[in-house]
Amino acid sequence: MAVAELTLVPIGTNTTSVSKYIAGALDSIGEVEGLTYELNPMGTVISHKDLNVLYDVIRKMQESVFEHGANRVYSVIKIDDRRDKDYTFKDKVISVNEKRKN
């Protein structure tokens, strides 16, 4: 299972607001079987069993920002590709919280 966090930063726009670009990027994903994603305040976490699918989704999201009028896109991508067991990005959070002392 591969989990990625993608942060897209549109540059060369007429506004400091980026929400319309991110909304368009999320819309560009469409329906991908087996893909899960969750928007957070600093990016989007996406997960799929096939890393190549994640690469395709990331490319579509980045291209969408250009299609919505940005002249430049700064992207930050973090990938966790684990192949010894099935898990979700929510499982990662649960595992950490179970180990906390609080």
Side-chain angles (χ1 to χ4, degrees):
M1 181 63 67
V3 176
E5 182 173 42
L6 172 64
T7 301
L8 297 168
V9 181
I11 300 172
T13 66
N14 294 329
T15 179
T16 56
S17 176
V18 299
S19 58
K20 78 173 188 176
Y21 298 97
I22 304 310
L26 287 172
D27 288 343
S28 75
I29 295 172
E31 295 293 323
V32 178
E33 187 175 337
L35 180 77
T36 57
Y37 68 91
E38 185 172 296
L39 179 66
N40 67 56
M42 301 300 289
T44 305
V45 178
I46 56 178
S47 181
H48 195 275
K49 64 182 178 182
D50 185 345
L51 184 58
N52 288 321
V53 171
L54 288 187
Y55 288 141
D56 289 342
V57 167
I58 289 167
R59 181 187 48 77
K60 284 179 186 176
M61 292 177 75
Q62 181 164 323
E63 286 301 318
S64 171
V65 177
F66 285 113
E67 291 166 5
H68 282 85
N71 293 313
R72 183 176 180 182
V73 181
Y74 177 77
S75 301
V76 178
I77 303 163
K78 296 185 286 186
I79 297 173
D80 180 1
D81 186 11
R82 184 170 183 174
R83 299 183 181 179
D84 63 327
K85 71 177 193 173
D86 287 334
Y87 70 103
T88 68
F89 53 80
K90 293 183 187 241
D91 292 332
K92 292 169 61 92
V93 174
I94 290 168
S95 178
V96 170
N97 284 331
E98 288 175 345
K99 293 169 179 70
R100 293 186 66 201
K101 294 179 182 178
N102 298 354

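- Between Asp81 and Arg83, at least one side-chain N (NZ, or NE/NH1/NH2) sits under 4.0 Å from a carboxylate O, which counts as a salt bridge.
- Within a 6.0 Å sphere centred on CG of Asp84, heavy atoms belonging to other residues, nucleotides or ligands number more than 12.
- Nearest approach of Ser17 to Ser19, heavy atoms of both residues: OG-OG, 3.5 Å.
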Subject >> side chain to side chain contact (heavy atoms under 4.5 Å, CB included) evaluation trace for Val3 with Thr88 >> reply: CA-CA 8 Å; Val3 176; Thr88 68; over 6 Å; no
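- Distance alone, capped at 3.5 Å, places no donor-acceptor pair between the Ser47 side chain and the Thr36 backbone.
- Contact detail for Arg82 and Tyr87: the closest heavy-atom pair is CB-CE2, 3.3 Å.
- Within 6.0 Å of OH on Tyr37 lie no more than 12 heavy atoms contributed by other residues, nucleotides or ligands.
- Side chains of Ser64 and Lys60: no donor on one and acceptor on the other come within 3.5 Å.
- Screening Lys92, Glu98, Lys99 for a side-chain hydrogen bond (donor to acceptor under 3.5 Å, both in side chains) involving Ser95 leaves a single residue, Lys99.
- Taking OG1 of Thr44 as the start and CG of Leu39 as the end, the distance is 4.5 Å to the nearest 0.5 Å.
- At most 12 non-hydrogen atoms from other residues, nucleotides or ligands lie less than 6.0 angstrom from OH of Tyr74.
- For the atom pair Asn40 CG and Phe89 CZ, the distance stands at 9.5 Å (nearest 0.5 Å).
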Original post:
Would Tyr55 and Arg59 count as a side chain to side chain contact (heavy atoms under 4.5 Å, CB included) if you check the C-alpha gap in whole Å, the side-chain angles of each, and the deciding distance to 0.1 Å?
Top reply: CA-CA 6 Å; Tyr55 288 141; Arg59 181 187 48 77; over 6 Å; no
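- Summarising the local packing, CG of Asp86 is surrounded by 12 or fewer heavy atoms from other residues, nucleotides or ligands at distances under 6.0 Å.
- Listed here is the closest heavy atom pair of Gly43 and Thr7: CA-OG1, 3.9 Å.
- Under a hydrophobic clustering in which Ile, Leu, Val, Met, Phe, Trp and Tyr are joined whenever their side-chain heavy atoms come within less than 4.5 Å, directly or via other members, Phe66 and Ile22 fall into the same cluster.
- Rounded to the nearest 0.5 Å, atoms CD1 (Ile58) and CG (Leu51) are 8.0 Å apart.
- Distance check, rounded to the nearest 0.5 Å: NE2 of His48 to CE of Met1 gives 8.0 Å.
- Grouping the Ile, Leu, Val, Met, Phe, Trp and Tyr side chains by contacts below 4.5 angstrom, directly or via other members, places Leu26 apart from Val76.
- Hydrophobic clustering (side-chain heavy atoms under 4.5 Å, transitive across Ile, Leu, Val, Met, Phe, Trp, Tyr) keeps Val18 apart from Val45.
- In this structure, the separation between CD1 on Ile79 and CD on Glu5 is 11.5 Å, given to the nearest 0.5 Å.
- Ile29 contributes atom CD1, which lies 12.0 Å from atom CG of Asp56 (distance to the nearest 0.5 angstrom).
- Judged by distance alone, the side chain of Ser75 and the main-chain N or O of Leu8 form no donor-acceptor pair under 3.5 Å.
- Counting only heavy atoms from C-beta outward, the side chains of Tyr21 and Thr13 approach each other to under 4.5 Å.
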